[in-house]
Amino acid sequence: MSTRIIPVDAFDFVVFGGTGDLARRKLLPALYHRMQDGQIPEGSRIIAASRDELDSPAYRSLVLGAIESSVPDDVRDTELLERFLACCHHVTVDAGSELGWAALADLLAGREDRVRAFYLAVAPRFFGPICERVGQSRLVTPKSRVVIEKPMGRDLESSRLVNDAVGAVFSESQVFRIDHYLGKETVQNLMALRFANALFEPLWGAAHIDHVQITVAETLGVGGRGSYYETAGALRDMVQNHLLQLLCLVAMEPPESYTADSVRDEKLKVLKALRPITIENAAQLTVRGQYMGLSTARDRIPAYTEEAGVARSRTETFVAIKAEVANWRWAGVPFYLRTGKRLPSRVSEIVVAFRPIPHNIFPAGSGAVQANKLVLRLQPDEGVKQWVMIKDPGPGGMRLRHVPLDMSFAEAFGIRNPDAYERLLMDVVRGNQTLFMRRDEVEAAWRWIDPILEAWENEGTAPNAYTAGTWGPTRSVALIERDGRTWHEETV
Ligand code: NAP
């Protein structure tokens with residue numbers, strides 16, 4: 001079964017950095033799958049721009065390689081692939097000079113009435129210069145949009161500069177700030193579960209929810225991204241964007257409608273309600289870690305400092321935070337956030353832990369009654385599990401068991417689970433900003449993050465060391481256990 005589609009008119013999709021890693025691993029395969037599902041009309045063009053002196057046939061060979069290594073053999077189809085390659089073009093353009101801009105303008109000329117997307121899959125230092133030259137070359141049409149990826153600055157001030165540079169050329173309704181977590185099926189399902197069911201909303205708040213956990217764990221280290229990572233760290237790289245966006249979707253009030261500004265208005269209120277973490281309380285509410293190397297009989301995993309090529313570093317590769325949304329609905333409910341590299345498994349999930357039952361009527365020997373949990377898993381296999389207590393089947397008295405009502409989306413609906421970029425790239429073409437961050441949201445997130453960075457700077461200490469392959473420093477366990485709670489671990 002293929003996914004249902006909303007048809008669009010033929011469009012031009014310009015990818016600055018169309019030869020880079022993001023384009024090859026994510027953007028091109030996503031567009032290929034959209035063509036497979038019949039969503040890319042004839043006449044649409046994917047125009048890659050980079051400094052490489054590739055002509056379009058040479059670029060198509062690069063695209064072919066990207067599709068071959070990302071799309072499984074059984075999903076590839078020769079006729080489709082040829083059609084897809086025919087859409088792809090390359091123009092040699094330098095973001096930092098005049099080179100190639102006239103050629104790009106020539107290629108785009110005469111199609112001013114169609115949707116024109118500019119995807120900036122380049123280092124953030126090029127966001128401003130590219131927008132400026134796009135503006136000077138008169139490439140911005142009423143139906144133009146620009147897409148930017150993280151990192152959008154490294155603090156509030158630098159993020160304002162990025163937004164100012166982009167905003168000087170594109171209006172806010174044309175700017176699509178992508179956070180691919182928002183394109184994940186499970187994340188959108190969180191909205192459906194909350195706002196398309198009467199079941200959850202009456203329970204959604206401090207009266208019935210004990211706490212929330214958001215974990216984004218990676219098994220890999222920083223690899224070749226060490227020099228970038230040294231300027232970022234886990235708080236900037238993951239918490240400021242992905243984890244806070246997930247927190248917003250859990251905590252926000254029901255928007256007036258499922259439209260971009262209604263949803264983003266509610267997310268913004270959550271960000272503004274986050275209780276500040278400052279020099280006074282950062283030591284109690286945050287944990288920083290950095291992975292050490294590990295040698296086994298067969299293998300050797302390098303330490304962060306080795307991968308980053310530095311002798312010493314205070315950059316955190318792990319962070320855990322006890323956050324609070326200080327408003328009427330959530331006061332007193334901790335939101336435990338944790339993310340890190342070189343952890344034991346690759347998992348991203350949101351755990352909504354309900355309060356325990358007020359009184360147990362079952363006799364001793366029935367088994368412990370455990371509190372309900374709603375677990376939304378974003379990766380590796382997207383799906384939702386509602387943990388409930390049931391009676392163990394069969395005779396022999398009342399024995400209670402904690403089991404998940406399991407719904408794996410791909411299995412339940414018999415469809416290929418689309419990559420988040422597929423949904424998001426087509427939203428760009430459709431002009432739907434609901435799953436993209438507005439400028440004030442990004443800045444409100446930095447406004448909460450900056451004092452944490454400042455407090456750490458002020459502490460003047462190094463992050464706590466943790467061994468690669470463990471769940472971070474022991475202080476992360478203490479952060480939650482001193483509240484009488486534990487990090488969620490899947491047992492079924
Ligand atoms: P990358 O592999 O280094 O690719 C960079 C691209 O930019 C190349 O196509 C490069 O081609 C082009 N480029 C560099 N300088 C240029 C210039 N002066 N003018 C025009 N084009 C230029 O980087 P990436 O991993 O794809 O990342 C791109 C952006 O996406 C970064 O901001 C990154 O943080 C962000 N991002 C990446 C990922 C990912 O999975 N890779 C995920 C999230 C966010 P030439 O050198 O030939 O010009």
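FYI, the numbering just counts along the sequence from 1. Please read these numbers as outputs of a predicted model, since none were measured by experiment. Whatever order the structure lists them in is the order used to number ligands and atoms, beginning at 1.
Side-chain contact, Glu230 with Tyr304: a donor N or O sits under 3.5 Å from an acceptor N or O. Residues Glu172 and Gln433 have side chains that never bring a donor and an acceptor to within less than 3.5 angstrom of each other. Between the side chains of Ser44 and Arg114, not a single donor N or O lies within less than 3.5 Å of an accepting N or O. Side-chain contact check for Arg338 and Gln213: no donor-acceptor pair (N or O, by modelled atom type) lies under 3.5 Å. In summary, the side chains of His33 and Gln36 do present a donor paired with an acceptor at a separation below 3.5 Å, with no hydrogens or angles considered. Using modelled atom types and a 3.5 Å distance limit, the side chains of Asp52 and Tyr59 yield no donor-acceptor pair. The closest side-chain donor-acceptor pair between Tyr229 and Glu307, if any, does not fall under 3.5 angstrom. With no hydrogens or angles considered, a side-chain donor-acceptor pair links Glu382 and Thr186 at under 3.5 Å.
For the ligand labelled ligand 1, residue Pro151 lies inside the 4.0 Å heavy-atom shell. In this structure, Phe126 has a heavy atom closer than 4.0 Å to ligand 1.
Taking atom 31 (C) of ligand 1 as the reference point, the nearest protein heavy-atom neighbour is Val122 O, 3.4 Å. With respect to atom 5 (C) of ligand 1, the closest heavy atom belonging to the protein is Ala121 O, 4.1 Å. Considering only non-hydrogen protein atoms, atom 6 (C) of ligand 1 sits nearest to Gly17 CA, 3.5 Å. Annotation: atom 41 (N) of ligand 1 to nearest protein heavy atom, Asp21 OD2, 2.7 Å. Protein heavy atom closest to atom 47 (O) of ligand 1, with residue, atom name and distance, is Asp52 N, 3.3 Å.
Within ligand 1, the atoms closer than 4.0 Å to a non-hydrogen atom of Ala123 are 32 (O), numbered from 1 in the order shown. Which parts of ligand 1 touch Thr19 is read off a 4.0 Å heavy-atom cut-off, strictly below it: atoms 8 (C), 9 (O), 11 (O). Every atom of ligand 1 is numbered from 1 in the order shown, and the set under 4.0 Å from a heavy atom of Lys150 is 34 (O), 35 (C), 44 (C). Heavy-atom proximity to Ala95, at under 4.0 Å, picks out these atoms of ligand 1: 17 (C), 18 (N), 19 (N), 20 (C). Of all the atoms in ligand 1, the ones that sit under 4.0 Å from a non-hydrogen atom of Val93 are 19 (N), 20 (C). Each of the following atoms of ligand 1 lies closer than 4.0 Å to a heavy atom of Arg25: 39 (C), 40 (O), 41 (N). Applying the 4.0 Å criterion to heavy atoms of Pro124 picks out, from ligand 1, the atoms 32 (O). Each of the atoms 17 (C), 18 (N), 19 (N) of ligand 1 lies under 4.0 Å from some heavy atom of Asp94.
For a threshold of 3.5 Å applied to N or O pairs, the pair formed by Leu120 and ligand 1 contains no separation below that value. In terms of polar-atom proximity, defined here as any N/O pair under 3.5 Å, Arg51 does make such a contact with ligand 1. Not one N or O of Arg24 is nearer than 3.5 Å to an N or O of ligand 1, by distance alone. Checking only distances, Phe127 never comes within under 3.5 Å of ligand 1, N or O to N or O. Looking at ligand 1, you'll find an N or O of Leu22 within less than 3.5 Å of one of its N or O atoms.
The aromatic rings of Phe84 and Tyr32 sit perpendicular to each other, their planes meeting at more than 60°, with 30° as the lower class boundary.
Salt-bridge formation is not detected for the pair Asp419/Arg34: no Lys NZ or Arg NE/NH1/NH2 atom is positioned less than 4.0 Å from an Asp or Glu carboxylate oxygen. The residues Lys26 and Glu149 are annotated as not salt-bridged, no charged nitrogen and carboxylate oxygen being separated by less than 4.0 angstrom. A salt bridge does not link Asp155 with Arg236: every distance from a Lys NZ or Arg NE/NH1/NH2 to an Asp or Glu carboxylate oxygen is 4.0 Å or more.
With a 4.0 Å heavy-atom cut-off, ligand 1 is reached by the backbone of Ser50 and by its side chain too. Residue contacts with ligand 1 for Glu149 involve side-chain atoms from C-beta outward but no N, CA, C or O (heavy atoms, distance under 4.0 Å).
For atom 3 (O) of ligand 1, the nearest protein heavy atom lies 4.0 Å or farther away.
With hydrogens and angles disregarded, no donor-acceptor distance shorter than 3.5 Å links the side chain of Arg423 to the backbone of Pro418.
Here the two rings, on Phe16 and Phe126, have centers that are 6.0 Å apart or farther.
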